[in-house]
Amino acid sequence: MSPRRRVPSKAELIQYQRLYKTDETIGERLGVPAYLVAYWRRKKNVPRHSLPKFSDHEIRNLWERFGDDERCGLELGISKAAFYNWRRKYGFREKPPFLKLEQLELPLAGVKGPGRAASLYGKQTIAQKILARATGRERVETGELVVVEPDVVMSQENSGEVIRHFKELGVEYVWNPNRIVISLSSCGHRGDNDLSAGHKTIREFVRRQNVRTFYDIQEGTCHQMALERGNILPGQLCLGADRHATLYGAVGAFATGIEAREMAVVWGTGKVWLSVPRTLRIDVIGRRPSGVSATEIALSIITQLGVDGAEYKAIEYYGSVVSQMSVSERATLAHLSVEMGAKAAICSYEAITRRYLVGRTQAEYTAVLPDKDAEYEGIFQTSVERLVPQVAGPNGFSHIRAAAELEGLAVQQVVVGGVTGGCYGDLRTVAEILRERTVHPDCRLWIVPASRSVYLEALQKGLMRLFMEAGAIVTHPGGSISVAGDNRLPASGERCLTTANWFHPQARSADKAEMYLCSAATAAASALNAAITDPVRYLR
């Protein structure tokens, strides 16, 4: 008999409502049905949503202190638009008539200063502010070459190569084992014996160096684990031995990839040279149509800017669409930004980010926002109103077309996995399309959960049974389609549809197989027909 579930107290229920609002979301967080949450509320006399969340006194004080919706929202952990709505609700429509101390930085007696108030308008972007802090300076300029000390460094696929370069430095121990994250997921694409020996070398190195954050092969893809476990926090500088480290910008961090030799130097010295990139601002607006995910939005932006449109630049994402995205969707957006040549991709810190980090970390962090007059190299606005499901390929991002244009193109294999398709939200989308349907006999559908926790959640909620009944192949958590053997690779002459941003030559069987990237919905619909299919008609 399973142990009886502890019923949350009234204070706990109110706190859950402040964080997650609806009974459905609270239920998902607690692993119980929504009707049970509603039952608990009625028993403890907790009204739905428990509004108002903020009193007029709180809103008035913040408005009089800062006089700026963005800064006030950051204090409460909500978006600029949300604070604007709260103050309009309480009738605070005009700018405050008096300036408070928080709006001025006055030189105090005995302190040498410029003799005037320091302006809040410093023209610095998020990227500049994070890099300036990492150098120990007040500001840095674009194009400047600076020496930085990262907050977190991550290595995975080439950890063995990094260790080899580290030993060549002649350094005995790493500079700070608490800031190093090492994962064995997708570590290498060699023969089984070499791969096992490489894993053994990495495990021994981790034990010798006392690296605290280590994810063995059963945990899942490294990027998903770093986000789930709160290893990457807002305002931090993160370096990864992988070009796709940009996805950590989903939580408001500056993250970029470096070479294995550079990573070894960071392990040994804690320092690395970086050039301060110029920044592009992209505002994503409009009402998102059915079947349009973060993958489609990213592919649409790549189409507009080109595959080199953000070469060695940072991208900052804003707009109503981004504000409504979950952290996993933001990770997809930041992850695919590297296909435009982006050095970093940052989604601004908002209430969604704050709620995501609750319970994942106890560490303190300071979110970073751009200055009001931040200087961008370019400001772009894109609407998703008329966007339709997209497909990139074959074998790259030079050709991106609507799924409807490729309708009927035969595929022999479909892979749903990776950070861009293996999160719980993606698996739930696939399950909705596969429900009471069967994968086409001429197509193989692989399901690769991004992490062990995603796997367990999908198992608990019945998704794994649904996948198996539909004829899909469910594997252990991971991010690559070639981790556990060549049977997952498409054969020469075959066509593979994948959600994972991975066009490695080996996965294409020496460039003789075609690979296309798409969203989880398009992948699931295509698996039903063994051909590329627009998923809109399968979605409710």
Side-chain angles (χ1 to χ4, degrees), residues 284 286-307 321 325 329 332-333 335-336 339-340 382-423 425-435 437-440 442-448 470 472 481 490 494-503 507-508 513-540:
V284 187
R287 184 175 180 179
R288 204 192 317 188
S290 175
V292 172
S293 68
T295 299
E296 273 81 22
I297 295 171
L299 294 180
S300 172
I301 294 171
I302 294 172
T303 301
Q304 296 174 55
L305 295 186
V307 292
V321 174
M325 282 183 175
E329 289 180 307
T332 297
L333 188 62
H335 188 271
L336 291 175
E339 304 305 337
M340 295 181 281
T382 181
S383 174
V384 301
E385 292 277 357
R386 299 183 179 181
L387 194 58
V388 295
Q390 306 278 303
V391 176
N395 305 335
F397 292 84
S398 299
H399 298 91
I400 299 174
R401 289 161 285 183
E405 292 182 28
L406 298 173
E407 186 99 26
L409 187 65
V411 293
Q412 290 74 42
Q413 178 164 291
V414 175
V415 181
V416 176
V419 181
T420 53
C423 300
D426 301 305
L427 299 187
R428 185 172 56 187
T429 298
V430 173
E432 289 174 358
I433 293 175
L434 294 182
R435 192 178 303 277
R437 298 186 177 99
T438 305
V439 175
H440 196 283
D442 293 335
C443 182
R444 307 179 300 277
L445 172 60
W446 293 87
I447 305 291
V448 189
I481 64 171
E494 287 190 327
R495 191 173 289 115
C496 176
L497 203 59
T498 175
T499 63
N501 181 19
W502 198 65
F503 290 131
R508 304 196 302 268
E514 289 185 0
M515 295 192 69
Y516 293 79
L517 181 137
C518 65
S519 66
T522 302
S526 300
L528 294 176
N529 301 296
I532 294 178
T533 304
D534 189 327
V536 172
R537 64 178 178 269
Y538 291 96
L539 298 170
R540 297 176 182 175

- Would you mind reporting whether Val419 and Thr332 have side-chain heavy atoms less than 4.5 Å apart? no
- Value for CD1 (Ile302) from CD1 (Ile400), rounded to nearest 0.5 Å, stands at 5.0 Å
- Considering all heavy atoms, the nearest Val439-Ala527 contact: CG1-O, 3.6 Å
- Note on the structure: The single option from Thr499, Val391, Leu299 that satisfies side chain to side chain contact (heavy atoms under 4.5 Å, CB included) with Leu517 is Leu299
- Query: Once you round to the nearest 0.5 Å, how far does CE of Met325 lie from OG of Ser293?
  - Reply: 8.0 Å
- Item | Donor-acceptor contact below 3.5 Å, side chain Thr522 vs main chain Cys518 | no
- Given side-chain hydrogen bond (donor to acceptor under 3.5 Å, both in side chains), test Thr303 with Ser300 step by step and report yes or no. CA-CA 5 Å; Thr303 301; Ser300 172; 5.9 Å; no
- Is the shortest distance from a Lys or Arg side-chain nitrogen in Glu432 or Arg437 to a carboxylate oxygen in the other one below 4.0 Å? no
- Message: With heavy-atom distances below 4.5 Å as the criterion, would you say the side chains of Thr420 and His335 are in contact?
- Response: yes
- Item | Side chains of Val411 and Asp442 in contact at under 4.5 Å (non-hydrogen atoms) | no
- Message: Working to the nearest 0.5 angstrom, can you tell me the gap between Tyr516 OH and Ser526 OG?
- Response: 11.5 Å
- Strictly by modelled atom types, are Gln304 and Thr382 linked by a side-chain donor-acceptor pair under 3.5 Å? yes
- Heavy-atom distance under 4.5 Å between the side chains of Tyr538 and Leu528, does that happen here? yes
- Message: For Arg288 and Glu329: C-alpha separation, side-chain torsions, deciding distance, then whether salt bridge (Lys or Arg N to Asp or Glu O under 4.0 Å) applies.
- Response: CA-CA 13 Å; Arg288 204 192 317 188; Glu329 289 180 307; 3.0 Å; yes
- Message: Would the distance check show the side chain of Arg401 and the main-chain N or O of Gly393 forming a donor-acceptor pair, the cut-off being under 3.5 Å?
- Response: yes
- Message: Apply side chain to side chain contact (heavy atoms under 4.5 Å, CB included) to residues Met340 and Ile301 and explain how you reach the verdict.
- Response: CA-CA 9 Å; Met340 295 181 281; Ile301 294 171; 3.7 Å; yes
- Nearest non-hydrogen partners of Ala403 and Ile532, listed with the distance: O-CG2, 4.0 Å
- Task: Test Val416 against Leu427 for side chain to side chain contact (heavy atoms under 4.5 Å, CB included), laying out the working first.
- Result: CA-CA 8 Å; Val416 176; Leu427 299 187; 4.3 Å; yes
- Chi angles and distances behind the salt bridge (Lys or Arg N to Asp or Glu O under 4.0 Å) call for Glu407, Arg537: CA-CA 13 Å; Glu407 186 99 26; Arg537 64 178 178 269; 3.3 Å; yes
- Exam field: side chain Asn395 to backbone Glu514, donor-acceptor pair closer than 3.5 Å: no
- Query: With a 4.5 Å limit on heavy-atom distance, are the side chains of Val388 and Pro289 in contact?
  - Reply: no
- side chain to side chain donor-acceptor pair (under 3.5 Å), paired with Gln413, selected from Arg444, Arg495, Glu494: Arg444
- Query: Closest heavy-atom contact between Ala472 and Ile447?
  - Reply: CB-CG1, 4.0 Å
- Message: Tell me whether Thr533 contacts the main-chain N or O of Pro535 through its side chain, where contact means a donor paired with an acceptor under 3.5 Å.
- Response: no
- Task: Mind checking the CG-CD spacing from Leu305 to Glu339? Nearest 0.5 Å is all I need.
- Result: 13.5 Å
- Would you mind reporting whether Val536 and Pro389 have side-chain heavy atoms less than 4.5 Å apart? yes
- Asn529 side-chain N/O to Ala531 backbone N/O, donor-acceptor pair under 3.5 Å: no
- CD of Gln390 to CG of Leu406, rounded to nearest 0.5 Å, is 10.0 Å
- Query: Below 4.5 Å, heavy atoms only, C-beta onward: do Leu333 and Ile297 meet side chain to side chain?
  - Reply: yes
